[in-house]
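As the structure is a computational prediction, the values presented were derived from the model and not from experiment. For the single chain, residues carry numbers from 1 onward in sequence order.
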Amino acid sequence: MAAPPLSSWPWASLGSWVQYVLYGAVVWKVAEEWRQQGAAPVGSWWLHLLLLFAARGLTYQFWFSYGNMLFFTRRRRVVPDSVDFRQVDAEWDWYALRRATLVGSPAVARQQLLLPSLKQAWDPRGWAIALLLHVLVAEPLFYWAHRALHRAPLFSRYHAAHHHASVTTPLTAGFGTPLESLLLTVVIGVPLAGAFLMGVGSVGLVYGHVLLFDFLRSMGYSNVEVISPRVFQAVPLLRYLIYTPTYLSLHHREKDSNFCLFMPIFDLLGGTLNHKSWELQKEVYLGKNDQAPDFVFLAHVVDIMASMHVPFVLRSCSSTPFANHFVLLPFWPVAFGFMLLMWCCSKTFLVSSYRLRGNLHQMWTVPRYGFQYFIPAAKKGINEQIELAILRADRMGVKVLSLAALNKNEALNGGGTLFVNKHPELRVRVVHGNTLTAAVILNEIPSNVKDVFLTGATSKLGRAIALYLCRKKIRVLMLTLSSERFLKIQREAPAEFQQYLVQVTKYQPAQNCKTWLVGKWLSPREQRWAPAGTHFHQFVVPPIIGFRRDCIYGKLAAMRLPKDVQGLGYCEFADMVGRRSPGNICVQYTMERGVVHACHAGGVVHFLEGWEHHEVGAIDVDRIDVVWKAALKHGLTPA
């Protein structure tokens, strides 16, 4: 059956690059006019079209960023859930507002009667006419058209996709069919057309009306309540003149009320006003929807480029594995400035969240960057930040807090023992998650391997891996210059297995070993000792750079969250540069979708199992298999 007319974009199957072709033509037109006039074509509608699109995009981006700054907006979110990858992908094609700009604006401006008015920068009469037409024509037109779109068969053919998710975002506002975009174009264009036809239009009116329209629309879709109930209590009539994010959210969830554009008075007159709107709006604004998390993953910022890939900056970056977006380079100085600001006066803050089996999981971030963890003078301040986060989680009733990457560095705080020893009364369980990290690494090793070469052998993970493998009668060549540390680890092994632990002080003995477990950085010269076909299993941060095209470079230990996870719409940061297979170079700064660090997964398993102990300090080798089986039982899978 053929699709109904105006239900899909004719070029949708060609990919999003088509939009850049369309805008490329507009840019070419502006450049051509610039060349012909020898100066910037100030009076050119094509130039205003480009500027208008940029301003509209920034308006939606402002509200998108604000709505996703959970450290500011968590308490006033209308729907507390987060957006998942399904919604991200559905709204990826959010440039409908760009199409509306292309389709609608030139159609109005190209009329010869209207072009002379563009020379006027400002005319208050035009604003008065536009306001009158908006109230008397645009608002009722949208209201009745919107109601019609909610009736069969129009809803299923044209409007159901717009209601694909109950959690609205500013990008949801631009997600729709050509019919819906044309409707919005007419609604936004009627006041402008009327003012221009009466000879009182101006450039200021075009920019002001369109941007105010977008501002109010993206505010309504932001899912964050921004208008205080006191305003409506002081001026009761105002509640019928301006809608709120709660008002719109009710419409998206219940679909049978609150159809207005911006003015609820039309719902009142049409008998479709949801009378729960303002009581619910008051509850949301006062934070009654707020919920304490059950599990917290305490991360830190990797570097400056990584800081621009958090969920509240650009969804196109945060929802996909890392790639170098050169468009972000001009913003590097701004990100550098924020780094200095956070270093001076910021505390641990909430970045993202998801739900798993009805429980709220959150990721908090210590406002410190990777390089700062290696500055001796910064050690005390970082531990204070982590300690304050743990105490805050304890007060909130968090069950488990998992330490990420450098936050559990042995030299920094003994893998979390510093905080547990200092606060023995903690109810929150502090977890480094390294037991599952060790399990992931060990289960990557083929069952037929007889010997391995281990660097970083005396580290927390190296020790546990060596002790585990020797029990499996696998010979472990432990690279360490310290005989004292080696003998200490060897004595921990049962007497019958101590012979499988062998100390080496150079790389030469590993020339015939094709399984390398890498716990410390390897230079290109050191990697050359490995025979062709060697598999480098890594637990070093940052991971080594793959210089050998004839070897396989593994990723950092990670696991995929269970399939029933909800509201997960961001990718965690992880690797720097590496190779997954011989000759195949890849750059990966984040995990794949749905994949998290093994230490994150370890904390999740700790929570799901309801274990009451802290997992800090040295890894209990006897629990490696226990944790691994528990992870698989709960639906986590190796990535």
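The salt bridge (Lys or Arg N to Asp or Glu O under 4.0 Å) search around D622 returns R471, not counting sequence neighbours. Among residues two or more places apart in sequence or in another chain, the side-chain hydrogen bond (donor to acceptor under 3.5 Å, both in side chains) test is passed with H309 by none. With sequence neighbours excluded, no residue forms a ring pair (Phe, Tyr, Trp, His ring centres under 6.0 Å) with W521. Partners of S346 according to the side-chain hydrogen bond (donor to acceptor under 3.5 Å, both in side chains) rule, which considers only residues two or more places apart in sequence or in another chain, do not exist here. With sequence neighbours excluded, the residues forming a ring pair (Phe, Tyr, Trp, His ring centres under 6.0 Å) with Y373 are H300, listed by chain and number. Remark: K422 engages E387 in a salt bridge (Lys or Arg N to Asp or Glu O under 4.0 Å) (not counting sequence neighbours). In this structure F62 satisfies the ring pair (Phe, Tyr, Trp, His ring centres under 6.0 Å) test with no other residue, sequence neighbours excluded. Residues that satisfy the salt bridge (Lys or Arg N to Asp or Glu O under 4.0 Å) test with D81, not counting sequence neighbours, are R355. Remark: K514 pairs with no residue by the salt bridge (Lys or Arg N to Asp or Glu O under 4.0 Å) rule, at least two apart or across chains.
Crowding of F72 atom CZ: a count of heavy atoms from other residues, nucleotides or ligands under 6.0 Å not exceeding 12. Counting heavy atoms of neighbouring residues, nucleotides and ligands inside a 6.0 Å radius, atom CZ of F331 does not exceed 12 of them. More than 12 heavy atoms of other residues, nucleotides or ligands shown are found within 6.0 angstrom of CZ on F349. Counting non-hydrogen atoms of neighbouring residues, nucleotides and ligands closer than 6.0 angstrom, the CG atom of N512 reaches no more than 12 such neighbours.
Across all their heavy atoms, V540 and G519 have their closest contact at CB-C, 3.8 Å. Closest of all the heavy-atom pairs between I304 and A335 is CG2-CB, 3.6 Å. L632 and P638 get closest at one heavy-atom pair: CD2-CD, 4.3 Å.
Note on ring orientation: taking the six-membered ring where Trp is involved, the planes of F336 and W332 are parallel (angle under 30°, cut-offs 30° and 60°). Taking the six-membered ring for Trp and thresholds of 30 and 60 degrees, Y354 and H361 have ring planes inclined between 30 and 60 degrees apart. Below 30°, between 30° and 60°, or above 60°: for H537 and H535 the angle between ring planes is below 30°, a parallel geometry.
Note that CG of L70 and CG of L350 are 4.5 Å apart. Values are rounded to the nearest 0.5 Å. Once rounded to the nearest 0.5 Å, the distance linking CG of L403 with CD of E615 reads 10.0 Å. Taken from SG in C599 to CE in M559, the straight-line distance is 12.5 Å, to the nearest 0.5 Å. In this structure, S402 OG and F295 CZ are separated by 4.5 Å, a value rounded to the nearest 0.5 Å. Between R86 atom CZ and Q566 atom CD the span is 10.5 Å, to the nearest 0.5 Å. Expressed to the nearest 0.5 Å, how far OG of S523 lies from CD1 of I545 amounts to 11.0 Å.
Of the possible polar contacts, none joining the E410 side chain to the S459 backbone as a donor-acceptor pair under 3.5 Å is found. Between the side chain of T435 and the backbone N or O of I624, no donor-acceptor pair lies under 3.5 Å. Under a 3.5 Å cut-off, the side chain of R429 and the backbone N or O of E612 do form a donor-acceptor pair. At distances below 3.5 Å, not a single donor-acceptor pair connects side-chain atoms of D303 with backbone N or O atoms of G370. Remark: the backbone N or O of I619 is paired with a side-chain donor or acceptor of R463 at under 3.5 angstrom. Judged by distance alone, the side chain of E444 and the main-chain N or O of G554 form no donor-acceptor pair under 3.5 Å. Distance alone, capped at 3.5 Å, places no donor-acceptor pair between the T365 side chain and the V301 backbone. Proximity of a side-chain donor or acceptor of H614 to a complementary backbone N or O of V430 within less than 3.5 Å is detected. Looking only at distances, no side-chain donor or acceptor of D564 sits under 3.5 Å from a matching main-chain atom of R357. Side-chain atoms of R548 come within 3.5 Å of backbone N or O of A530 as a donor-acceptor pair.
The closest side-chain heavy-atom distance from I465 to F539 is below 4.5 Å. In this structure, L501 and F486 have side chains that are in contact, with non-hydrogen atoms separated by less than 4.5 Å. Looking only at side-chain heavy atoms (C-beta outward), L406 and I382 stay at 4.5 Å or farther from each other. In this structure the side chain of I445 reaches within 4.5 angstrom of the side chain of L469, judged on heavy atoms. Side-chain atoms of V366 and I386, non-hydrogen and from C-beta on, do get closer than 4.5 Å to each other. Two residues are said to be in side-chain contact when any heavy atoms from C-beta on lie closer than 4.5 Å; K555 and Q538 fail this criterion. In this structure, the side chains of V313 and N68 stay at 4.5 Å or more apart for every pair of heavy atoms.
Sequence neighbours left out, the pairs with a member in residues 495-505 that pass side-chain hydrogen bond (donor to acceptor under 3.5 Å, both in side chains) are S483-Q503. Every pair passing ring pair (Phe, Tyr, Trp, His ring centres under 6.0 Å) that includes a residue from residues 407-466 is listed here, sequence neighbours excluded: F453-Y507, F453-W516. For residues 391-401, no residue pair satisfies the side-chain hydrogen bond (donor to acceptor under 3.5 Å, both in side chains) rule, not counting sequence neighbours.
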Please assess C317 against L328 for the test side chain to side chain contact (heavy atoms under 4.5 Å, CB included), listing each intermediate value before the final yes or no.
-> CA-CA 10 Å; C317 295; L328 294 178; 4.1 Å; yes

Tell me, with the steps shown, if V83 and R315 meet side chain to side chain contact (heavy atoms under 4.5 Å, CB included).
-> CA-CA 11 Å; V83 172; R315 178 189 282 184; 4.0 Å; yes

Could you check L314 against Q61 for side chain to side chain contact (heavy atoms under 4.5 Å, CB included), going step by step and ending with a plain yes or no?
-> CA-CA 8 Å; L314 288 175; Q61 180 61 46; 3.7 Å; yes

Should V605 and W611 be marked as a side chain to side chain contact (heavy atoms under 4.5 Å, CB included) after you check the CA-CA gap, both sets of side-chain angles, and the distance that decides it?
-> CA-CA 9 Å; V605 172; W611 288 329; 4.1 Å; yes

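Tested against F312 for a ring-ring contact (aromatic ring centres under 6.0 Å, His included), the candidates F71, Y66, F64 yield a single pass: F71.
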